[in-house]
There are 2 protein chains.
Amino acid sequence: MKNVADLAGVGIKTVSRVVNNEPGVSEETRQRVLRATEQLQYHLDMTAGSLKRSGRKTQSIGLLLPSVSNPFSGEIHRALEDALTERGIAVFASSLDDDPEREKKLISAFLGRRVDGLVLTPIARSQAYVIPEHSRNLPMVFIDREPVGIEADAVVTDNETGASKAAAHLIRHGHTRLAYLGDRTDIQTATKRRTGFLEEIGRAGIATSTIPVRNGLHDEETALRAAIELLTSENPPTAIFSSQNLITFGAMRALRSLGLHHKVALIGFDDFTLADMMEPGITVIAQHPERIGKLAAERILARIDGDDGAPKTYIVPSELIPRGSGELPPLN
Amino acid sequence: MKNVADLAGVGIKTVSRVVNNEPGVSEETRQRVLRATEQLQYHLDMTAGSLKRSGRKTQSIGLLLPSVSNPFSGEIHRALEDALTERGIAVFASSLDDDPEREKKLISAFLGRRVDGLVLTPIARSQAYVIPEHSRNLPMVFIDREPVGIEADAVVTDNETGASKAAAHLIRHGHTRLAYLGDRTDIQTATKRRTGFLEEIGRAGIATSTIPVRNGLHDEETALRAAIELLTSENPPTAIFSSQNLITFGAMRALRSLGLHHKVALIGFDDFTLADMMEPGITVIAQHPERIGKLAAERILARIDGDDGAPKTYIVPSELIPRGSGELPPLN
DNA sequence: ATGATACATGACATCGTTGTCTGGCGCCGG
DNA sequence: CCGGCGCCAGACAACGATGTCATGTATCAT
């Protein structure tokens, strides 16, 4: 900046005014300065600017996702990015891998970079450890899962209702012998989906104690095994609900390997690419990651802009998409 | 920092030494300072530090991808992140959407944030406009596509050889009436794949002029239409090669809608989730995004660390994964 | 003509940190 | 007993920008 000022023969403050489009510079000087910036390939240093600038905003936020390679997270990321880029805010993205230690480390790394806000999927059992930052006015929005031990904004899918819709749908198609394949019980969304599913079954007058529930499945392989075991038991279910993407894949493989894919109904939580191209098409409870991302962006921006209303949880509705697998009638 | 220093009753430089783990502080003072940082919830401000620190490193890099919601990009992103997080480097990620204007704007935004390096998928017709930055010693690594108009490191998939492997595979299974469904010709990878595919056909002694080539397909819908048109023409191909994910999906839909999915062979460039669960399984030329990401990370780190060897293009081999669709024999 | 007013501009302190340099103190060897 | 050395610690400038304030000049109303 100094160099530009010298070249243009003006003070550095004037250069600052020009590059920041502040008023109070004559058109002539402005042109001279612009020519100088051009000539020297000058580029404003935002990091230095944010040191003194009012509010000390760095125009960047931190985003913590289960993994940036997870398509669901990718959609959220994209929607967030679109909304924030418009405001000139850049996004630091990181993957958590369900590791509470990593969660803390990454948050710390973002804090050190003085991000203007944090959008995150909580992993650790409690997020109480960020209370100091939060109350120190660091905007935070939790996504996908509600935080524990701290009052903050959250944007989540309607997990319970979504799962209950799946149950209702299967029951409406005549099923009574349902089964549930679920994720680790320490994941909040997993337990909510289970609750929603079982409660709906209860409401339909079916004894939930008769429903086989397999928890703790965390990948395709374990889901596959659990599903096979279930389907080859002596009183196998006529319909399966899988609480998550990978588990759905495992269930699909199990059904196919036993030749039951056209006989046993299946509804999975989470939509996925090519679900409609399967044989049969897979009925799913679709989440709306773009809506989650967009809402999270709106909330974090509002907080950055000073909104200090009481924290609130925003719920994004899920949607049942019938494609065939969920409409198969019970087979006996 | 000042506050911490006061509370601990030491000078700010001593606090700096402690939080940066520099030597020359007695154990007693160190403890006192650490207690103070704890009490005040002090967190080092890296942005301020990088202002004066030698080399002015911000410990962050910019990553430009077609879209963060694209699974292929996601894998690259993840691999990069893993390698960089180890070194304490954070990643700004942004989506380009095939928009050259956006490419320039985003690069400019990253430059303003003084990233230590840039990893990017080039979109614009030429990247000559970043020559000033590059020669000013801003490390840059191009991924997926080689840059035009600038000498810089690049990490790309072996597009030509990959496509030629697909052609050879189909020919080996007896096909002579092949067809090519390709992306926009202004995308470098697309033309390379076409070249590789056609050259291999030529080498096999088949007149490439007889091969229907459809370019300019950019999504599932256009690919679907092109494929249907091709398959319902009077001398339809017995095998199709699709140059990219979405085009493969379009081709799959076309084949299925015409009831030809077990009759006409298909090989797609790019692997995708559930390819093995299709009917038949889809044979693909798989890229290795994790390897691309890892290599890109190694290169950018080396450059950041001062490696000033001549720029080089690194080629990551692709892999043909047979799953059924590519092994169907010609049907007449 | 004169004081008031508006506008263009630059000097300077400052943001939070680190690099450099200097100072005080204890210890050692001669 | 003294010079020299090593260790700990702080004072101070500097990084690249911006906020504040002062200054100079042209313009305007009276």
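In what follows, every chain begins at residue 1, and chains take the letters A, B, ... in the order their sequences are listed. All values below come from the heavy atoms of this structure, side chains included, with hydrogens, waters and symmetry mates left out.
At whole-Å resolution of the value, CZ in B/Arg56 and P in C/dT18 are 14 Å apart. In this structure, B/Lys57 atom NZ and D/dC15 atom P are separated by 17 Å, rounded to whole Å. Here the P atom of nucleotide C/dC7 and the CD atom of A/Glu22 are 16 Å apart, to the nearest Å. Atom CG of B/Leu44 and atom C1' of C/dC15 are 15 Å apart (whole Å). When rounded to the nearest whole Å, the span between CE of A/Met1 and C1' of D/dT18 equals 8 Å. Atom CG in B/Asp45 sits roughly 16 Å away from atom P in D/dG16 (whole-Å rounding). Rounding to whole angstrom units, CD of residue A/Gln59 and P of D/dA17 are separated by 16 Å. Taking atom CG of A/Asn3 as the reference point, atom P of D/dC15 lies 11 Å away to the nearest angstrom.
Salt bridge annotation for A/Arg145-A/Glu103: absent, with no cationic side-chain nitrogen under 4.0 angstrom from a carboxylate oxygen. Under 4.0 Å is where a charged nitrogen must lie from a carboxylate oxygen, and between B/Asp116 and B/Lys57 no such pair does. Under 4.0 Å is where a charged nitrogen must lie from a carboxylate oxygen, and between A/Arg299 and A/Asp307 at least one such pair does. Of the charged side-chain nitrogens involved, none lies within less than 4.0 Å of a carboxylate oxygen, so that B/Asp97 and B/Lys105 do not count as a salt-bridged pair.
Between A/Phe92 and A/Phe110, the two ring planes are parallel [angle under 30°; tilted spans 30° to 60°].
Put simply, A/Arg114 has no side-chain N or O that comes within less than 4.0 Å of OP1 or OP2 on C/dC15. For B/Ser16 and C/dT18, the shortest distance from a side-chain N or O to OP1 or OP2 is below 4.0 Å.
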Within the 4.0 Å limit for protein heavy atoms, which parts of nucleotides 5-13 of chain D are touched? Write it as a string from 5' to 3', B for base, S for sugar-phosphate only, - for none. ---SBBB--

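Applying the ring-ring contact (aromatic ring centres under 6.0 Å, His included) criterion to A/Phe72, with sequence neighbours excluded, gives no partner residue.
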